[in-house]
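Working notes, structure below.
Labels below follow one simple rule: chain letters A, B, ... track the order of the sequence lines, proteins then strands, and each chain is numbered from 1.
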Number of protein chains: 4
Amino acid sequence: MPKQKVSIDFILRQSLRLFREKSYHNTSIADIAEACGLLKGSLYHYFPSKEALMNEVVKYAHAYFKKNVFSIAHNQELTAQEKMEQIFKKSEKSLLSHGDLMANVGVETANKNKEFTENIQTFFEEWIETVKIVFSEIANEEDAQQLAEQTVLEFEGAVMMTRIFKDPKFVHNAYERLINRFAAFSLNPNK
Amino acid sequence: MPKQKVSIDFILRQSLRLFREKSYHNTSIADIAEACGLLKGSLYHYFPSKEALMNEVVKYAHAYFKKNVFSIAHNQELTAQEKMEQIFKKSEKSLLSHGDLMANVGVETANKNKEFTENIQTFFEEWIETVKIVFSEIANEEDAQQLAEQTVLEFEGAVMMTRIFKDPKFVHNAYERLINRFAAFSLNPNK
Amino acid sequence: MPKQKVSIDFILRQSLRLFREKSYHNTSIADIAEACGLLKGSLYHYFPSKEALMNEVVKYAHAYFKKNVFSIAHNQELTAQEKMEQIFKKSEKSLLSHGDLMANVGVETANKNKEFTENIQTFFEEWIETVKIVFSEIANEEDAQQLAEQTVLEFEGAVMMTRIFKDPKFVHNAYERLINRFAAFSLNPNK
Amino acid sequence: MPKQKVSIDFILRQSLRLFREKSYHNTSIADIAEACGLLKGSLYHYFPSKEALMNEVVKYAHAYFKKNVFSIAHNQELTAQEKMEQIFKKSEKSLLSHGDLMANVGVETANKNKEFTENIQTFFEEWIETVKIVFSEIANEEDAQQLAEQTVLEFEGAVMMTRIFKDPKFVHNAYERLINRFAAFSLNPNK
DNA sequence: GATGAATGAGCTTTCATTCAT
DNA sequence: AATGAATGAAAGCTCATTCAT
């Protein structure tokens with residue numbers, strides 16, 4: 001049966017979902033193929049190895065965040081508060097469903113695959129940088145850095161906890177806290 | 001030839017180290033056996049399966065934290081500030097070397113093994129509860145809960161980031177921030 | 001879009017080169033297709049299977065030797081010595097670059113494909129017969145047979161050794177030896 | 001079922017037989033395991049990979065020739081003629097049954113595995129050196145080298161032909177020729 | 001004729017687990 | 001208790017082949 005059954009985009013989305021849900025090692029090529037309606041051998045038309053596929057998935061997720069989340073920091077039409085709200089609302093929506101690919105894979109492959117690690121590091125650097133840009137509107141350089149780091153780490157911790165407890169309250173609570181803190185800080189900035 | 005070559009405690013410590021360093025899936029029974037000076041088959045005299053071993057390791061790490069970290073909250077001889085400092089100093093010391101077993105395994109096995117998940121949930125509940133007890137000395141019930149949650153999540157996020165970046169600065173920074181925040185809050189409590 | 005991109009002759013020459021260079025099993029249909037500027041599937045318009053292609057390649061190489069090497073024995077304008085020189089000069093030139101298809105495939109597929117084996121047997125029979133014809137000019141029937149066999153086997157052994165050592169000296173030396181022996185025998189024939 | 005079913009030596013002998021009979025690529029790990037009465041996974045107790053196994057097989061065959069064939073050249077109790085006879089009688093006996101591992105693998109893996117190639121080169125160097133030692137008893141250095149090279153190449157060519165034709169006559173004939181040549185040369189040496 | 005997505009059988013390899021010694 | 005040979009299921013991957021376009 002020739003006729004294209006799937007697109008690369010579709011494979012990446014299915015892979016992303018499975019890697020998030022089950023982690024890298026618990027997801028087999030056969031699992032992904034099945035989710036795509038293919039046999040495992042067929043996946044190798046699109047990706048030369050499981051690692052290469054994973055790498056593309058990481059890039060895909062990164063690109064998604066770049067376009068849909070990180071870009072918000074540069075939206076001139078929004079107030080700083082609105083930026084924060086949208087950034088983490090989007091993140092929450094994206095991460096809540098299946099967990100955070102970057103964190104999972106980052107931890108699972110930290111000592112294994114250099115390219116994974118570098119891509120994931122870049123992702124988090126950009127995320128912190130994004131939040132720092134918004135904080136810079138209400139805080140000085142140094143404070144903005146620490147506040148951004150704090151905010152992203154807390155949010156990441158919350159995503160992890162939501163995963164472990166299968167309870168979205170951790171991310172919800174974290175969202176409320178960080179938005180309130182931002183509002184409070186805005187009223188009494190140290191800029 | 002009978003004669004016990006190793007103690008269960010020794011196996012658990014070796015396993016804990018390896019699971020932290022390499023994650024659950026990247027650590028084989030042979031790896032653990034080798035680290036213990038045993039051969040694969042011999043491990044099965046101590047634990048009926050890799051999962052059962054992992055479960056004991058989780059309990060072991062939990063017990064360690066209970067005794068060495070969580071207990072600090074009940075030490076009557078310490079001020080609240082001292083408690084916070086010691087709790088996270090101890091945690092930092094314990095987690096920095098190899099990463100956080102609970103988070104790794106929690107994420108890696110979230111949808112796989114119910115018993116792991118429950119034990120890990122209990123661990124984090126107790127950790128948050130521990131920190132809440134300290135915050136209760138300077139904040140009301142509801143604030144203490146949120147502040148404890150925030151603090152533990154940020155610290156967990158920092159441990160993860162330190163792992164991914166192989167850079168202890170994330171945990172160091174998080175420690176400094178949370179201690180300073182606690183001090184600042186102490187001066188101006190809303191209790 | 002019809003329009004033939006390549007000729008059967010071209011495919012056979014590319015296949016011959018690859019099978020010689022990399023052996024039958026180390027050459028994939030995709031390799032051959034790529035060398036021809038085609039894609040895998042397209043090769044099946046020309047040949048029903050890899051084995052059938054190989055068979056045609058064997059025939060192609062056989063035909064080449066028939067026309068360019070074996071024919072020399074019947075060239076009335078040459079002396080016996082000149083015939084020997086030309087036969088093995090041509091063989092050397094043809095085999096040195098990539099090794100001897102017949103020997104490779106003959107050995108690799110000896111118990112696998114009857115048709116290959118038969119074609120390759122015929123090839124070597126004709127080669128030995130060719131050399132025998134030349135030896136018959138200076139030796140009796142029985143000696144000519146043995147001398148021809150000896151000469152071809154030594155030359156084949158030399159080709160193999162040149163392949164294994166990646167050093168053309170073995171074929172060069174063999175050529176010198178067999179030409180000198182022929183000259184010496186000519187001076188003192190036992191016909 | 002623990003209890004050792006096979007020895008490493010047994011695996012090597014079975015592997016040697018199969019690689020000779022069917023070539024490297026036509027022999028699967030499952031084939032070898034089956035020949036040993038094992039399942040394929042079990043072979044990995046003894047050898048870390050198919051390539052490593054092959055390498056041991058090459059060494060095994062080399063050691064066999066060293067001990068049983070090459071050593072003959074140094075047997076002080078034999079005449080040169082007797083040495084030649086025994087060397088090639090032994091070789092014939094060893095190679096006739098299944099073909100020549102070194103030649104098969106050498107050709108199949110010539111551009112693939114450096115260690116194979118080097119080991120096989122050493123084997124042939126030693127073989128030629130062995131024959132050269134015997135020729136040195138009746139010829140000068142330079143002649144001995146060429147005569148040894150010629151003799152081994154012819155014999156190797158004969159082994160290959162015997163394989164392709166499934167007819168031992170090529171090796172038989174080569175043996176007769178080379179023994180007779182040696183005898184003739186002994187009577188009229190140019191030393 | 002050419003394409004290339006898809007197949008499916010088969011490969012090498014890994015690894016938790018068992019059990020006779 | 002310790003061994004380590006053996007298992008067997010499952011993994012990642014390759015590749016000759018098919019076929020709708």
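Legend: residues meeting side-chain hydrogen bond (donor to acceptor under 3.5 Å, both in side chains) with B:His45, ordered by chain and number and at least two apart, are absent. In this structure B:Phe65 satisfies the ring pair (Phe, Tyr, Trp, His ring centres under 6.0 Å) test together with B:Phe70, B:Phe123, B:Trp127, sequence neighbours excluded. Taking D:Asn113 as the reference, D:Glu51 meet the side-chain hydrogen bond (donor to acceptor under 3.5 Å, both in side chains) condition, with sequence neighbours excluded. Shown here are the side chain to side chain contact (heavy atoms under 4.5 Å, CB included) partners of C:Gln14, two or more places apart in sequence or in another chain: C:Phe10, C:Arg17, C:Ala35, C:Cys36. With sequence neighbours excluded, no residue forms a side-chain hydrogen bond (donor to acceptor under 3.5 Å, both in side chains) with D:Gln121. Every residue meeting the side-chain hydrogen bond (donor to acceptor under 3.5 Å, both in side chains) condition with C:His25, not counting sequence neighbours, appears here in chain and number order: C:Glu108, C:Lys112, D:Asn26. By the ring pair (Phe, Tyr, Trp, His ring centres under 6.0 Å) test, A:Tyr24 is found to be paired with A:Phe19, A:Phe116, residues two or more places apart in sequence or in another chain being considered. Applying the salt bridge (charged side-chain N to carboxylate O under 4.0 Å, His left out) rule to B:Glu118 yields the partners B:Lys114; only residues at least two apart in sequence or on another chain are considered. Checked against salt bridge (charged side-chain N to carboxylate O under 4.0 Å, His left out), A:Lys22 has the following partners two or more places apart in sequence or in another chain: A:Asp31.
Here the side chains of C:Phe47 and C:Leu12 are in contact, with some heavy-atom distance below 4.5 Å. A:Ser15 is listed as a side-chain neighbour of A:Ile11, based on a closest heavy-atom distance under 4.5 Å.
Nearer the 5' end of DNA chain E, as judged by each residue's closest nucleotide, is the contact made by D:His25, out of B:Tyr24 and D:His25.
A straight line from CG of D:Leu38 to P of E:dT18 spans 20 Å, rounded to a whole angstrom. Distance CZ (D:Phe10) to C1' (F:dA5): 15 Å, rounded to an integer number of Å. Rounded to whole Å, the distance from CG on D:Leu53 to P on E:dC11 is 15 Å. Distance CG (A:Leu39) to P (E:dT7): 5 Å, rounded to an integer number of Å. Here F:dT17 presents its P atom at 14 Å from CE of C:Met54, a figure rounded to the nearest Å.
Non-hydrogen atoms lying under 4.0 Å from DNA chain E are contributed by D:Thr27, D:Ser28, D:Ile29, all within residues 26-34 of chain D. Near DNA chain E, meaning a heavy atom under 4.0 Å away, the residues from residues 40-51 of chain B are B:Lys40, B:Gly41, B:Tyr44, B:Ser49, B:Lys50.
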Both atom distances under 3.5 Å, Watson-Crick or G-U wobble: I'd like the secondary structure of DNA chain E as a dot-bracket string, with | for pairs made across strands. .||||||||||||||||||||

